[in-house]
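Comments concern the structure below.
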Amino acid sequence: MIEAHGLTKRYGSKTAVDGIDFTVRPGRVTGFLGPNGAGKSTTMRMIVGLDHPTAGTVTVQGRPYAKLRSPLTEVGALLEAKAVHPGRSARQHLRALAATHGIGDKRVDQVIEMAGLGAVASKRVKGFSLGMGQRLGIAAALLGDPHTLILDEPVNGLDPEGVAWVRGLAKHLAAEGRTVFLSSHLMSEVAVTADDLLVIGRGRIVAQGPVDEVISRATSTTVRVRSPHATELAAALSGPRATIDAIEPGLIEVRGPSAAEIGELAAASRYVLHELTPVSGSLEQAYMSLTADAVEYHSGIDATPTAPTTEPEAQR
Ligand SMILES: Nc1ncnc2c1ncn2[C@@H]1O[C@H](COP(=O)(O)OP(=O)(O)OP(=O)(O)O)[C@@H](O)[C@H]1O
């Protein structure tokens with residue numbers, strides 16, 4: 001469990017993290033989302049004591065990181081720009097780290113295998129690709145078999161197999177009752193990995209809670225209705241509660257009434273339906289809407305999210 005109260009970090013006149021309160025629960029994967037510069041890394045660095053809060057507190061299992069007796073066995077962290085001696089091999093690096101906590105060579109070999117680094121464990125880290133470096137960072141985070149994992153952009157630079165590995169690993173660790181807190185800019189990946197979300201914008205929390213709840217609060221569900229009687233149905237549905245868009249002949253999209261209400265009205269009027277599909281918003285749409293006012297670094301092209309889809313996995 002990670003708990004923050006009034007957590008604040010200022011760098012000179014810049015407030016990177018602005019008095020935030022949050023709880024990251026055990027047994028869940030919590031995705032940490034936010035635009036570039038929103039304060040994610042700063043928050044994670046404060047959790048593991050690499051940055052000191054200007055105000056407020058953040059604790060792991062009720063204690064500040066600095067007060068943990070054996071940090072590596074309690075909190076495993078993958079943070080950007082982790083210092084690794086380039087002349088050392090992956091195995092030497094992990095053994096050196098393990099030695100600081102009395103962790104044996106057997107565990108080092110275990111995490112090397114878990115991270116898929118077996119074939120390159122004796123190679124110098126200097127020659128590692130971005131993805132291999134990420135795997136080494138994750139192996140280091142796992143070394144002490146910690147109850148809390150903090151992973152900043154863990155899939156950055158990983159190939160599809162590596163991305164799937166991180167996804168499986170995060171879910172597995174959470175299923176064992178551990179606290180898994182990971183940041184990512186890949187909405188599709190977060191949608192299929194995270195149980196809970198913490199969304200930050202300009203140093204402030206803009207949303208938190210279970211993924212489905214965050215999405216449903218930030219987006220609206222519409223109902224696609226395909227019928228040879230679409231025009232009559234649209235007329236029957238029209239009222240202050242309903243917004244109706246005619247998409248093409250025979251296809252309308254209805255916002256307001258539920259699919260059940262529309263189906264019952266159609267049955268009562270003996271209108272034939274060829275399709276009646278609730279369409280939920282996606283995580284990407286929810287994210288864009290939640291952070292619209294918090295994006296500091298805009299690109300020049302239109303960033304409208306892609307159309308929602310009705311596939312269950314992709315709905316989030
Ligand atoms: N050491 C520092 N000195 C001054 N400003 C800093 C420092 N570290 C971070 N900042 C500023 O604090 C803000 C938050 O940065 P942070 O790296 O936490 O954002 P982030 O959400 O992790 O961004 P990204 O998604 O780009 O990694 C940014 O405006 C950044 O420029």
Side-chain angles (χ1 to χ4, degrees), residues 2-24 29-60 64-66 75-84 130-131 133-134 137-138 141 148-158 163 166 170 179-191 193-194 196-208 211 214 218 283-284 286-301 303 305:
I2 305 168
E3 287 172 288
H5 296 288
L7 187 64
T8 303
K9 181 68 188 181
R10 286 188 208 98
Y11 295 107
S13 60
K14 172 83 194 176
T15 303
V17 176
D18 197 0
I20 62 176
D21 298 294
F22 65 83
T23 302
V24 180
V29 177
T30 300
F32 194 19
L33 309 180
N36 290 135
K40 300 179 297 297
S41 299
T42 305
T43 301
M44 288 179 147
R45 289 172 61 81
M46 286 194 282
I47 297 171
V48 297
L50 289 172
D51 264 339
H52 298 288
T54 312
T57 58
V58 62
T59 57
V60 180
Y65 187 87
V75 185
L78 168 77
L79 297 173
E80 283 171 288
K82 202 167 181 115
V84 178
L130 179 59
Q134 285 292 93
I138 294 171
T148 301
L149 269 299
I150 315 251
L151 308 173
D152 196 2
E153 298 277 353
V155 299
N156 188 20
L158 290 182
V163 172
V166 170
T179 304
V180 182
F181 189 38
L182 56 87
S183 74
S184 180
H185 289 296
L186 286 183
M187 294 300 120
S188 55
E189 205 38 50
V190 174
T193 308
D196 293 331
L197 290 179
L198 189 61
V199 188
I200 189 171
R202 291 189 198 269
R204 298 199 171 162
I205 302 294
V206 293
Q208 60 181 310
V211 176
V214 170
L283 175 57
E284 187 181 43
Y287 171 84
M288 291 294 197
S289 130
L290 286 165
T291 59
D293 299 331
V295 176
E296 291 185 70
Y297 308 102
H298 285 279
S299 47
I301 54 160

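Hydrogens, waters and symmetry mates play no part in the numbers below; they use all other heavy atoms, side chains included. Ligands are counted one by one from 1 in listed order, and the atoms in each one are counted from 1 as well.
- Looking at ligand 1, you'll find an N or O of A38 within less than 3.5 Å of one of its N or O atoms.
- Contact annotation: the side chain of N156 approaches that of Q134 to within less than 4.5 Å [non-hydrogen atoms, C-beta and beyond].
- Those atoms of ligand 1 that come under 4.0 Å of a heavy atom in K14, given as number and element, are 29 (O).
- Close approach to N36 involves these atoms of ligand 1, each under 4.0 Å from a residue heavy atom: 23 (O), 24 (P), 25 (O), 26 (O).
- Shown in contact with K40 at under 4.0 Å from a heavy atom are these atoms of ligand 1, numbered in order with element: 18 (O), 19 (O), 20 (P), 21 (O), 22 (O), 23 (O), 24 (P), 25 (O).
- Residue H185 approaches ligand 1 through these ligand atoms, each under 4.0 Å from one of its heavy atoms: 25 (O).
- The side-chain heavy atoms of L33 and T291, taken from C-beta on, include no pair separated by under 4.5 Å.
- For the pair M44 and E153, the minimum side-chain heavy-atom distance is 4.5 Å or more.
- For the pair E153 and ligand 1, the shortest N or O to N or O distance does not fall below 3.5 Å.
- When the options G12, G37, S13 are ranked by their closest heavy atom to atom 14 (C) of ligand 1, first place goes to G37.
- At least one side-chain heavy atom of T43 sits under 4.5 Å from a side-chain heavy atom of F22.
- Residues F181 and L198 have side chains in contact (heavy-atom distance under 4.5 Å, counting atoms from C-beta outward).
- For ligand 1, none of its N or O atoms has an N or O atom of A16 under 3.5 Å away.
- The side-chain heavy atoms of I150 and I2, taken from C-beta on, include a pair separated by under 4.5 Å.
- With sequence neighbours excluded, the residues that form a side-chain hydrogen bond (donor to acceptor under 3.5 Å, both in side chains) with S41 are E80, D152.
- The ligand atoms of ligand 1 that sit less than 4.0 angstrom from a heavy atom of T42 are 9 (C), 14 (C), 15 (O), 16 (P), 18 (O).
- Within the structure, ligand 1 has P35 among the residues with a heavy atom less than 4.0 angstrom away.
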